[in-house]
Amino acid sequence: MISRPGQGRMKARKSMRYDYKKIEPKWQKVWEDGKVFRAVDGSDKPKFYGLVEFPYPSGAGMHVGHIKAYSSLEVVSRKRRMEGYNVLFPIGFDAYGLPTENYAIKTNTHPRIITDQNISKFTNQLKKVGFAFDWDRVIDTTEEDFYRWTQWIFLKLFDHGLVYRDKAWVNYCPSCKVVLSNEDSQGGKCDICHSDVIQKSKDVWYLKITEYADKLLEGLETVDYPENIKQQQINWIGKSTGAFVNFSIKGVDEKLEIYTTRPDTLFGVTFMVIAPEHPMIDKYADRIANMDAIEAYRKECAKKTEFERTQLVKDKTGVKIDGFTAVNPVNGKEIPVFIADYVMMGYGTGAIMAVPGHDQRDYDFAKEFGIDIIEVIKGGNMDECAYTGDGEMVNSDYLNGYTNKKDSIARMIEELEKQGIGRAGVQYKMKDWAFNRQRYWGEPIPIVHCPHCGDVGVPYEELPLKLPKVENFEPGQDGESPLAGIESFVNCSCPKCGRPAKRETDTMPQWAGSSWYYLRYIDPKNTESLCDRDKMNYWMPVDWYNGGMEHVTRHMIYSRFWHHFLYDIGVVNTAEPYAKRSAQGLILGPDGDKMSKSKGNVIDPLDIVEEYGADTLRTYVLFMGDYGAATPWNDRATKGCKRFLERVAGMTDMLTEDKASPAMETRFHQTIKKVSQDIENMKFNTAIAALMALVNDIYDAGAVNKEDFQTFIRLLCPFAPHLCEELWEMTGGEGLCSLASWPIYDEAKTVESTIEIGVQVNGKMRGTITIPRDCSKEEAIAAAMEIPTVKKSTDGKKIIKEIYVPNKIVNIVAK
RNA sequence: GCAGUCUUGGCGGAAUUGGCAUACGCGCUAGACUAAGGAUCUAGUCCGGGCUUACUGGGUGUGGGUUCAAGUCCCACAGACUGCACCA
């Protein structure tokens, strides 16, 4: 070890050397003026398309969470560029949305103005952190030349029969006055304002995403997503296989169709239940004797939010329909029909066959209403609860004796089809995508309602259908869109017949623009198509997409659906848009709670940039913990990262022309390997730890070869690029550090010639030996036996076994 | 209820995938430099015993198992988080 340079001198120099307030703006200007991070079209180089979820430009500005979300691919992209790739790392703004509109209403300012202000605020923040985005490709989903193509895709979907309009029970938010998709109303709460969602009958535009359910499932097998993300998408799509069965209704010429995953339990059916909204009730209202009671029950259900409906898991309620009964098609038995709110209109056919012996909900209901319970699968106790396990089929005629569920289901479906009373079928939990919103700040839906021709698409050449400028953005009465009040917009002529017609006044949901934005980055200024085909062939698919776990089901499934559709109609060149997906963990407040304005624990990234510098911020958000895990913010630890960067700057006092020692050379090669691999595996925390450890070793050595120092600078550059540019320039590096080559390691030089390994006796550590790498067992055992403590603990004992795992461990088993 | 992830010092977290548990950082303790330190540097820091040297016992949520060897694999239990949820 060499003694350290004089401390006083170091102190003075260091503060001068690491003047982040001077360094950071300097290099940001160099990068921007030189368009250093521009993606090049028509390059011969291999490409890398790194995508981060573009932000919603809220008035609050950025959050450290945004910084963490972008930092991963920022580092990967910078590394790729240094490795010689042509990199596309773009950013844009997903700017349509309710918060802006609500703020506009509150402040009586046009959402356009607010959006522009917020975008410039975000842009300023992003630039101050030094992200290597290609600023020539910024997109904004609310701009005409962008949403023109969002509308274009909608029209293509419409032309291909994937858009339909229906009166439906929808999730409706009385506070936002808007129809919500199931995705936007989870838990019965509005995703935007968190108030209770109610059920309302409305005109709804649907996109037939269910038609793509199987393709979305199959596509998952071709992409590199983490297992938990795949699983979430699989659960969301919720495919189940089973059968549709028709039950005839006594006295009327009507079949009641149900869906079941266990058709083999048909002999155990003792009643049926239909959803309160089931159309059959109104159809036969005149034959139902207790219509009053049924109406009363329906009213009660409508009052309940979906959340309340799903909360009452235990107590089953319902009303027996007094007017018709059903017939079990396999045994001719007459069974009662109930309405009950534990059956949902939105899944299957809105009607079920109830098998109380083998479904807990049906069991609870049967107990409540005193209905027979028949055992058809052996193994449970019908007096206690429903038996949902496997077992031998009983009381089931031709199914008796079957013990395998697969076989009995197959046999039953065969019978159903033979007798013409049912068929095999599949169901999805995922429902069609409710696509309209009664709001101003969104893409107008390009449809004209003609009294003669019906719903007609706006001609493609008339796109964009511009969002008109209005004075008043408040939703109209009964949740009508603000656009409904603008006569000049509403009244038009039918594109087909030319006669007077009216425009659709609803707008698209926020998910529309984000469903295809990644394509526009490839060719943001194109006026002829949404993206040039050659450019697409070069850049697509997105190589790596990072974002939040909260977008894994909604945004990602919607955009995969659109992309699959565009692929089917020949617009894009790949079936799947994203080859690889990763997700960052949350940054929690210093108190360990989720950051929120109301808790007052939000960290503003610009405060950190001001106090510690952008490089410290960037390094800390990646160093703070496992990238995928939620980690609390720690201001002290932030300071630790700054200390590290100061020590890096301080190394310029130790530069020498002397060659590094063999040991130090090994350390460098090890670090290059470690950092390179860790970045690929998103283990940024250990990559930074490895850099810190190397700095510690260099400080211990007291000197560092100048070229080695430049190697170090290049490794650190993706994390702390401003400082590294400065040190690169200071040490006479050619060009920009950001464009320098990524260091390459020599595998042979990553290993020491002699290594220290542990020695155990009976599995207990007794010491270590230093031996040549890959040395023989004899040599290692002999060295191990020389250790006094090993001698002592084996003394007088018989050595039964000597285990030597080369370069790992010696274990001596003695008795 | 179903599915998935997880539980390691005072704290955030490492552990090349079965081979020296606690790397790196924070904090803390002592010291140095200071007029001063919430700056910087040095040494120490899993818990306990020990002539504080040598050495030694215990230790990765709990209990068991496999193995020469378990934070890592298997079984059971407890707890935390995330997503879905009367999905027929």
Side-chain angles (χ1 to χ4, degrees), chain A residues 4-8 10-12 14-15 186-187 226-232 234-236 238 240 242 258-262 265 273 309-314 316 340-344 346-355 359-362 364-365 427-431 549-550 552-553 585-586 592 620 623-626 628-641 643-644 646 650 673-674 677 683 685-693 695-696 699 756-768 788-789 792 800-803 805 807-814:
Chain A
R4 288 159 217 284
Q7 311 304 343
M10 281 274 274
K11 178 189 160 191
K14 204 172 284 175
S15 54
Q186 289 175 45
E227 214 37 59
N228 60 329
I229 290 180
K230 278 191 188 178
Q231 200 55 50
Q232 265 192 48
I234 290 167
N235 289 346
W236 188 265
S240 80
I258 60 94
Y259 174 74
T260 177
T261 53
R262 290 301 300 267
T265 59
V273 183
R309 234 171 117 164
T310 58
Q311 277 307 90
L312 301 166
V313 180
K314 269 274 157 270
K316 293 283 177 290
D341 65 357
Y342 81 93
V343 173
M344 304 288 150
Y347 184 78
T349 61
I352 62 157
M353 63 178 217
V355 187
D359 181 292
Q360 193 56 43
R361 295 154 301 169
D362 297 345
D364 293 341
F365 193 88
Q427 275 294 303
Y428 303 94
K429 289 185 195 174
M430 183 171 71
K431 293 168 202 169
M549 281 307 289
E550 70 276 21
V552 159
T553 44
L586 288 177
Y620 177 60
F623 179 66
M624 62 194 296
D626 180 340
T631 311
W633 184 267
N634 181 339
D635 204 57
R636 293 277 201 173
T638 314
K639 200 174 283 180
C641 287
R643 227 173 263 167
F644 162 61
E646 281 167 352
K673 181 178 180 181
K674 174 90 178 140
Q677 291 180 347
K683 297 174 91 171
N685 54 338
T686 51
I688 295 166
L691 292 167
M692 288 173 167
V695 170
N696 292 345
Y699 266 77
E756 192 189 55
I757 64 170
V759 177
Q760 302 179 332
V761 176
N762 295 332
K764 277 206 185 307
M765 280 302 302
R766 289 294 174 219
T768 59
T789 51
K792 205 172 94 187
I800 298 169
K801 211 169 174 184
E802 289 163 336
I803 291 151
V805 181
N807 310 322
K808 295 247 163 113
I809 200 122
V810 170
N811 190 9
I812 291 161
V813 186

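All values below come from the heavy atoms of this structure, side chains included, with hydrogens, waters and symmetry mates left out. So you know, we letter chains A, B, ... as the sequences are listed, proteins then strands, and number each from 1. Keep in mind it's a predicted model, so treat the numbers as computed, not measured.
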Distance, nearest 0.5 Å, that separates CD1 of I229(A) from OG1 of T553(A): 10.5 Å
Reading RNA chain B 5' to 3', how would its secondary structure be written in dot-bracket notation, given Watson-Crick and G-U pairs with both distances under 3.5 Å, brackets [ ] for crossing pairs and | for partners on other strands? (((((((..(((......[....)))((((((.......))))))((((.....))))..(((((..]....))))))))))))....
Would you say V810(A) and I757(A) make side-chain contact, with heavy atoms under 4.5 Å? yes
Measuring to OP1 and OP2 of C87(B), would you say a side-chain N or O of R361(A) lies under 4.0 angstrom away? yes
Can you tell me how far C1' of G57(B) sits from CG of N762(A), to the nearest Å? 16 Å
When the P atoms of G59(B) and U22(B) are compared, how many Å lie between them, rounded to an integer? 16 Å
Separation of the C1' atoms in U5(B) and U42(B), to the nearest angstrom: 43 Å
Among the candidates A88(B), C86(B), G27(B), find the nucleotide nearest to the side-chain atoms of T261(A). A88(B)
Is there side-chain contact between I352(A) and D362(A), with heavy atoms separated by less than 4.5 Å? yes
Donor-acceptor pair between Q232(A) and N228(A) side chains, under 3.5 angstrom: no
Find the distance K429(A):NZ to G83(B):C1' and express it as a whole number of Å. 11 Å
Please tell me if R766(A) has a side-chain N or O lying less than 4.0 Å from either OP1 or OP2 of U56(B). yes
Rounded P spacing from G13(B) to A21(B) in Å: 23 Å
Residue-phosphate contact under 4.0 Å: R643(A) side-chain N/O, U40(B) OP1/OP2: yes
Close side-chain approach of N762(A) to K764(A), heavy-atom, < 4.5 Å: no
In terms of base orientation, is G59(B) syn or anti, with the syn window spanning 90° either side of 0? anti
Same-atom distance (C1') from U72(B) to U8(B), integer angstrom: 12 Å
If you compare every side-chain N and O of N696(A) against the phosphate oxygens of G25(B) (OP1, OP2), does one of them come in below 4.0 Å? yes
For F623(A), ring pair (Phe, Tyr, Trp, His ring centres under 6.0 Å) partners two or more places apart: none
Go through the structure and list residues passing salt bridge (Lys or Arg N to Asp or Glu O under 4.0 Å) with R766(A), not counting sequence neighbours. none
Summarise protein proximity over nucleotides 11-20 of chain B in one line of letters, 5' to 3': B for base, S for sugar-phosphate only, - for none, counting protein heavy atoms closer than 4.0 Å. -BSSS---BB
Sequence-distant partners of K683(A), salt bridge (Lys or Arg N to Asp or Glu O under 4.0 Å), two or more places apart: none
For V813(A) and for I688(A), find the nucleotide of RNA chain B with the closest heavy atom, then tell me which residue's nucleotide is more 5'. I688(A)
Given the 90°-from-0 boundary between syn and anti, U66(B) should be labelled anti
Using a heavy-atom cut-off of under 4.0 Å over every strand shown, decide if T789(A) touches base, sugar-phosphate, or nothing. sugar-phosphate
When rounded to the nearest Å, what value does the distance between P atoms of G9(B) and G61(B) take? 7 Å
What's K673(A) touching, base or sugar-phosphate or nothing? Going by heavy atoms closer than 4.0 Å. nothing
Distance, P atom - from U66(B) to C55(B), rounded to whole angstrom: 33 Å
With the side chain counted from C-beta on, respond yes when M624(A) and N634(A) share a heavy-atom pair under 4.5 Å apart, and no when they do not. no
When the nearest nucleotide of RNA chain B is assigned to N235(A) and to Y259(A) on a heavy-atom basis, which residue is associated with the more 5' position? N235(A)
Rounded distance in Å - CG (D635(A)) to P (G27(B)): 10 Å
Report the distance from atom CE of M353(A) to atom C1' of C87(B), rounded to the nearest whole Å. 15 Å
For the CH2 atom of W236(A) and the CE atom of M430(A), what is their distance to the nearest 0.5 Å? 10.0 Å
In whole angstrom, what separates K792(A)'s NZ from U56(B)'s C1'? 8 Å
Mind checking what makes side-chain contact (heavy atoms from CB on, under 4.5 Å) contact with E550(A), not counting sequence neighbours? none
Pick the C1' atom in C41(B) and in G50(B), then give their distance to the nearest Å. 33 Å
Give the rounded distance in Å between these two atoms: NZ of K230(A) and P of U5(B). 14 Å
Which whole-number value in Å describes the distance from M549(A) CE to G4(B) P? 14 Å
Any side-chain N or O of K764(A) below 4.0 angstrom from OP1/OP2 of G58(B)? yes
Nearest-Å distance once atom P is located in both U56(B) and G63(B): 26 Å
Any idea how F365(A) and Y342(A) line up, ring-wise: parallel (<30°), tilted (30 to 60°), or perpendicular (>60°)? tilted
Spacing between K639(A) atom NZ and C28(B) atom C1', to the nearest angstrom: 15 Å
